[in-house]
Amino acid sequence: MDQPELLYGYNSLVIVTLLFVAIVVFNEVGFRVGRFVQARTNSEIKSLTGSIQASILGLLALLLGFTFSMSMQRFDNRSMALIDEANAIGTATLRIQLLPEQYQADAERLFRDYVGLRVDIGQIDLTKTADRERYNDEIIRLQNELWALAIAATEADPRPVTTGAFVNALNQVIDSQGKRNALLQMQVPEVVLILLFLVFISSGGIMGYSAGLTGERMFAPIVLVSLLITMIVFLIIDLDRPKRGLIQVDQSVMVELRQSLDTRP
């Protein structure tokens, strides 16, 4: 999968570390600027600066909630897509019994191999494009073999309540695999993340400037707020990076399906 985005090529820990440093640095710069103009600033300007600071922090909270919601929704969609695919495969394997007897053994073998490949590719980092392409080629080959088997079985038994039911289930398997692959490529737009970072850095600068106008340094609270912000940003980025971050979609449903197929007589 091609990734034209700039940020996707960098580790999420590196991104949030740079963001934390930028917020602290801009806060210090803002504080020094505020101290420099403190003597020439009246109380009305100081009050207006406090209002601007509150507005930026409100915008920050709005963007933070919006971005977190986007990343969480995509994570939930990928989780549901995995469950839907496992259910589709499970249904198709049960309907193998409706096929003419001479096709059942081959169908069982192909589905065992297919589920094994789906489990294996689910553990491969999206940045390892060569490995993923190799697995996807093998998955497509198995899909074609299963479809050819379904066509042959249909010619032997064209009844819709037997072979037709298997064909419909196989079609659902192929569709669910395509949907899951499509969801893996859906991330929060990078421009949204960049805007979020700019608002974070600006908020650090305006808080430092406001503190400089009062002449009171608030280093510890600023560092604490910056740390909390970067932790939330890390969570957003990690949720938005399927098969790459610390938070992963639970593959246990597909693993259990593979185990059940391996133990099936």
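- Counting heavy atoms from C-beta outward, Q123 and V119 have side chains that approach closer than 4.5 Å.
- R132 places a side-chain N or O within 3.5 Å of a backbone atom of I121 that can act as its donor or acceptor partner.
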Between R118 and Y114, does the side-chain contact (heavy atoms from CB on, under 4.5 Å) criterion hold? Intermediate values first, please. CA-CA 6 Å; R118 293 304 293 157; Y114 183 81; 3.8 Å; yes
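- Ion pairing between D120 and R258 holds under the 4.0 Å rule for side-chain N and carboxylate O.
- In this structure a side-chain-to-backbone donor-acceptor pair under 3.5 Å is present from T230 to S226.
- Going from atom CE of M254 over to atom CG of N87 covers 9.0 Å, rounded to the nearest 0.5 Å.
- Within the 4.5 Å cutoff, the side chain of F75 has heavy atoms near those of the M72 side chain.
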Anything under 3.5 Å between a donor and an acceptor, one on a side chain of residues 92-101, the other on a protein residue two or more places apart or in another chain? List them.
from : atom 1 : to   : atom 2 : distance (Å)
T93  : OG1    : I89  : O      : 3.2
T93  : OG1    : G90  : O      : 2.7
R95  : NH1    : A165 : O      : 2.9

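- The main-chain N or O of I236 is never found under 3.5 Å from a side-chain atom of D240 such that the two would form a donor-acceptor pair.
- Nearest approach of M186 to R74, heavy atoms of both residues: O-CD, 3.6 Å.
- Smallest separation of non-hydrogen atoms from N11 and R241: C-NH1, 3.9 Å.
- Taking each heavy atom of L170 and W147 in turn, the nearest pair found is CD2-CE3, 3.5 Å.
- Heavy-atom minimum distance, L57 versus S203: CD2-CB, 4.0 Å.
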Quick one, F26 with I206, criterion side-chain contact (heavy atoms from CB on, under 4.5 Å). Give me CA distance, side-chain angles, the key distance, then yes/no. CA-CA 8 Å; F26 271 76; I206 193 65; over 6 Å; no
Full working for side-chain contact (heavy atoms from CB on, under 4.5 Å) between N181 and Q177: CA-CA 6 Å; N181 283 349; Q177 185 259 346; 2.8 Å; yes
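- L183 and V249 are assigned to two separate hydrophobic clusters, defined by single-linkage of ILVMFWY side chains at heavy-atom distances under 4.5 Å.
- Within 6.0 Å of the CZ atom in R32, the count of heavy atoms belonging to other residues, nucleotides or ligands does not exceed 12.
- No path of Ile, Leu, Val, Met, Phe, Trp and Tyr side chains, each step under 4.5 Å between heavy atoms, connects M80 with V255, placing them in separate hydrophobic clusters.
- Residues near L62 contribute nothing to a hydrophobic cluster around it, because no ILVMFWY side-chain heavy atom sits closer than 4.5 Å to its side chain.
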Determine, step by step, whether V173 and L146 satisfy the side-chain contact (heavy atoms from CB on, under 4.5 Å) criterion, reporting the C-alpha distance in whole Å, the side-chain angles of both residues, the deciding distance to 0.1 Å, and the verdict. CA-CA 11 Å; V173 170; L146 282 166; over 6 Å; no
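- With rounding to the nearest 0.5 angstrom, the CG atom of D157 is 4.0 Å from the OG1 atom of T163.
- A continuous path of hydrophobic side-chain contacts links I232 to I194 [ILVMFWY only; heavy atoms under 4.5 Å].
- The main-chain N or O of F66 is never found under 3.5 Å from a side-chain atom of S69 such that the two would form a donor-acceptor pair.
- Rounding to the nearest 0.5 Å places CD1 of I222 at 9.5 Å from CD1 of I23.
- Between F166 atom CZ and T162 atom OG1 the span is 11.5 Å, to the nearest 0.5 Å.
- Electrostatic pairing of R134 and D131 counts as a salt bridge here, judged by a charged N lying under 4.0 Å from a carboxylate O.
- Residues Y103 and A156 approach most closely at CE1-CB, 4.0 Å, considering heavy atoms.
- Of the possible donor and acceptor atoms, one in the side chain of T263 sits under 3.5 Å from a partner among the backbone N and O of S260.
- Under the 4.5 Å side-chain heavy-atom criterion for ILVMFWY residues, a single connected hydrophobic cluster contains both F68 and L198.
- For the atom pair CG (L82) and CZ (R180), the distance works out to 4.5 Å, reported to the nearest 0.5 Å.
- Taking each heavy atom of V253 and A86 in turn, the nearest pair found is CG1-CB, 3.4 Å.
- The cluster map of Ile, Leu, Val, Met, Phe, Trp and Tyr, joined by side-chain heavy atoms under 4.5 Å apart, puts F31 and L227 in different clusters.
- Counting only heavy atoms from C-beta outward, the side chains of L63 and F200 never approach each other to under 4.5 Å.
- By the 4.5 Å heavy-atom criterion applied to side chains, V191 and L195 are not counted as neighbours.
- Taking CD from Q73 and CZ from R78, the interatomic distance works out to 11.0 Å, rounded to the nearest 0.5 Å.
- For the pair I15 and L193, the minimum side-chain heavy-atom distance is 4.5 Å or more.
- Of the possible polar contacts, one joining the N144 side chain to the I140 backbone as a donor-acceptor pair under 3.5 Å is found.
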